[in-house]
Number of protein chains: 2
Amino acid sequence: MGITERKEREKQEMRDKIIDAAISMFLEEGYEKTSIRNIAEKIEYSPATIYLYYKDKDELLYDVQKQAFGKLDDVFREKITAADPFERLEQICRTYVWFGINNPELYDLMFIIKAPMNAIDDNEWHNGDQALNALIGCVTECLSKQEIRFSDPRVAALSIWSMGHGLISLNIRCRIKEELIGDIDKEKMINKCINEYVQLIKK
Amino acid sequence: MGITERKEREKQEMRDKIIDAAISMFLEEGYEKTSIRNIAEKIEYSPATIYLYYKDKDELLYDVQKQAFGKLDDVFREKITAADPFERLEQICRTYVWFGINNPELYDLMFIIKAPMNAIDDNEWHNGDQALNALIGCVTECLSKQEIRFSDPRVAALSIWSMGHGLISLNIRCRIKEELIGDIDKEKMINKCINEYVQLIKK
DNA sequence: AAATTTACTGAACAGTGTTCATTTTTCAAA
DNA sequence: TTTGAAAAATGAACACTGTTCAGTAAATTT
């Protein structure tokens, strides 16, 4: 029965087509201008067609978000290489923030905007699992080697993540006034904060 | 010539009416459902009338944001009372996060959504000045007394703020999985993170 | 070749921010 | 007190948005 499988494959290809169009539109024009109608136009289909493959926009955005997390995972695999756990923790922090600063539209979709989370009920969200597990695994190792000044791995992971997310999201949303950073540029200032934080948590 | 002054006063009263309607709508229905049309209906005017007092929605949201910051400033004045700078820093952290967790819609408008920032060109934003200055003043004092493990007040202020903002905004946007916090509730976990952070930065 | 299932779309609905010609109200001068 | 100009308010429209659904076109089965 190759035909039902082909149909299934074609269905997936169409979904990919939609997601690819959406993500490229995201990167080029940003979230605000990425409408169902624009995506439909880009893939040369009617807007209504998209609703044959996705129940609503939130569900579509959830899949785009998954794609975006794939990119973060790729960067993590490439950059997080150190064997020493604390060194690796430092790599995780720096890579995460680097990704956020250099991919603001993707980061927005992954961590700032609400929309994709409407598609899924609380704690069924698995898009961020891989990156989060890398962090949890790493802090757990750091803790067992007594290399960081935390007592609980979960508190450690959430704290470190929050610090990184705070820096990125305040920057993306233009809440950091130049008065607060002095003469250097914002990215340099953010890196300074990470430097200090890494020293702060080091035992 | 009391008449031009009365006109000016009436103009301001109308603006206040619009902002009050907007902010109550924000608190009751959230950002998504706060439309110009809904606000107009609430104050019993035509939508077009609002455009006689505000150039566009972003400019209106900027004023609503100002109101929200006023509420934060009130809470700060009430709760930030310690004379000792480090103790005061701890109060600032806890009060800020408390405010964010308990006023998610206001916090959203102040620090997460982009919209109100479109109304103003970068670094003309003064809505957050009072709270930020409280923080900067406090860390500067802490530094001069050598009570915190930072070398630069700006790095210290941005770091502390980012930690608080990270915790609040990840929570508001439902990015914190229960898996990461264990059995206790999210607010407790967030408080644990603050406890640890306060210990971390203490010299 | 006909019938049936699948894929797709045009048109509509209800909503959004925003503009503008037109009407209503206000208020000083005749 | 009536008149005329200035100010305030609005109805209707424009160009969007997400979404639905009846109807058309294509593919597959009988």
Side-chain angles (χ1 to χ4, degrees), chain A residues 1-19 21-22 25-26 28-65 109 113-120, chain B residues 1-19 21-22 25-26 28-65 109 113-120:
Chain A
M1 281 287 136
I3 136 154
T4 51
E5 277 137 24
R6 197 209 65 208
K7 287 266 161 132
E8 195 51 50
R9 200 180 59 230
E10 279 174 354
K11 201 147 196 166
Q12 191 52 53
E13 274 165 14
M14 185 60 157
R15 259 192 265 261
D16 289 345
K17 212 171 179 176
I18 295 169
I19 297 300
M25 189 149 263
F26 247 88
E28 286 160 28
E29 315 268 3
Y31 170 63
E32 307 265 287
K33 301 211 166 157
T34 307
S35 68
I36 297 283
R37 278 177 165 83
N38 291 151
I39 295 169
E41 196 180 14
K42 190 152 201 168
I43 61 173
E44 293 172 294
Y45 277 85
S46 148
T49 302
I50 289 177
Y51 287 86
L52 301 174
Y53 298 89
Y54 287 101
K55 161 172 150 281
D56 56 27
K57 198 188 181 186
D58 289 342
E59 212 176 58
L60 193 164
L61 286 181
Y62 184 77
D63 257 19
V64 182
Q65 194 195 54
L109 180 66
I113 68 176
K114 188 161 44 187
M117 309 310 280
N118 299 336
I120 209 145
Chain B
M1 282 285 138
I3 135 151
T4 52
E5 278 137 24
R6 198 209 63 209
K7 286 266 162 129
E8 195 51 49
R9 198 181 60 233
E10 279 174 354
K11 200 147 197 166
Q12 191 52 51
E13 273 165 14
M14 185 59 158
R15 259 191 266 262
D16 289 344
K17 212 172 179 176
I18 295 169
I19 296 300
M25 188 149 263
F26 246 90
E28 286 160 30
E29 315 268 3
Y31 170 62
E32 308 265 288
K33 301 211 166 157
T34 308
S35 68
I36 298 284
R37 280 177 167 84
N38 291 150
I39 295 169
E41 197 180 11
K42 189 152 202 166
I43 61 173
E44 294 173 294
Y45 277 84
S46 147
T49 302
I50 289 177
Y51 287 87
L52 300 175
Y53 299 89
Y54 287 101
K55 163 171 148 281
D56 56 28
K57 196 188 181 185
D58 289 342
E59 211 176 58
L60 193 165
L61 287 181
Y62 184 78
D63 258 19
V64 182
Q65 195 196 53
L109 179 65
I113 68 176
K114 188 160 48 187
M117 308 310 279
N118 298 335
I120 208 146

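Each chain gets a letter, A, B and so on, in the order the sequences are listed, and its residues count up from 1. Any value given below was found using the heavy atoms of this structure, including those in side chains, with hydrogens, waters and symmetry copies removed.
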Between atom OH in Tyr53(A) and atom P in dT19(D), what is the gap in whole Å? 18 Å

So, is Asn38(B) close to the dG15(C) phosphate, meaning a side-chain N or O under 4.0 Å from OP1 or OP2? no

N/O (side chain, Thr49(A)) to phosphate O (OP1/OP2, dC8(C)) under 4.0 Å: no

Is there a donor-acceptor contact under 3.5 Å from the side chain of Glu59(B) to the main chain of Ala119(B)? no

Over all atoms of both residues, closest heavy-atom pair of Lys57(B) and Ile36(B): CG-CD1, 3.9 Å

Here the distance between atom C1' of dT20(D) and atom CD1 of Ile36(A), to the nearest Å, is 13 Å

Interatomic distance, Leu52(B) CG vs dG11(D) P [rounded to whole Å]: 13 Å

Can you tell me the distance, in whole Å, between the CD atom of Glu32(A) and the P atom of dG18(D)? 12 Å

Among the nucleotides dC21(D), dT18(C), dT19(D), which one has an atom lying closest to any side-chain atom of Pro47(A)? dT19(D)

Would you tell me if any nitrogen or oxygen in the side chain of Ser46(B) comes within less than 4.0 Å of OP1 or OP2 on dA9(D)? no

Expressed in angstrom and rounded to an integer, what is the separation of Asp58(B) atom CG from dG17(C) atom C1'? 10 Å

Identify whether any heavy atom of Tyr54(A) sits under 4.0 Å from a base atom; if not, whether one sits that close to sugar-phosphate; answer base, sugar-phosphate or nothing. nothing

Check Lys33(A) against Asn38(A) and note the closest heavy-atom contact, atom names and distance. O-OD1, 2.8 Å

Between atom CD in Glu10(A) and atom C1' in dA26(D), what is the gap in whole Å? 12 Å

Just the rounded figure in Å: distance from C1' of dA8(D) to CD1 of Ile43(B). 13 Å

Distance-minimising heavy-atom pair for Thr49(B) and Met14(B): CG2-CE, 3.7 Å

Output all residues satisfying salt bridge (charged side-chain N to carboxylate O under 4.0 Å, His left out) with Glu28(A), sequence neighbours left out; order by chain, then residue number. Lys42(A)

Just the rounded figure in Å: distance from P of dT19(C) to CD1 of Ile50(B). 13 Å

Of all the nucleotides listed (dG17(C), dT17(D), dT20(D)), which has the minimum atom distance to the side chain of Ser35(B)? dG17(C)

Pairwise 5' ranking along DNA chain D for Arg37(A) and Tyr45(B), keeping only the more 5' one: Tyr45(B)

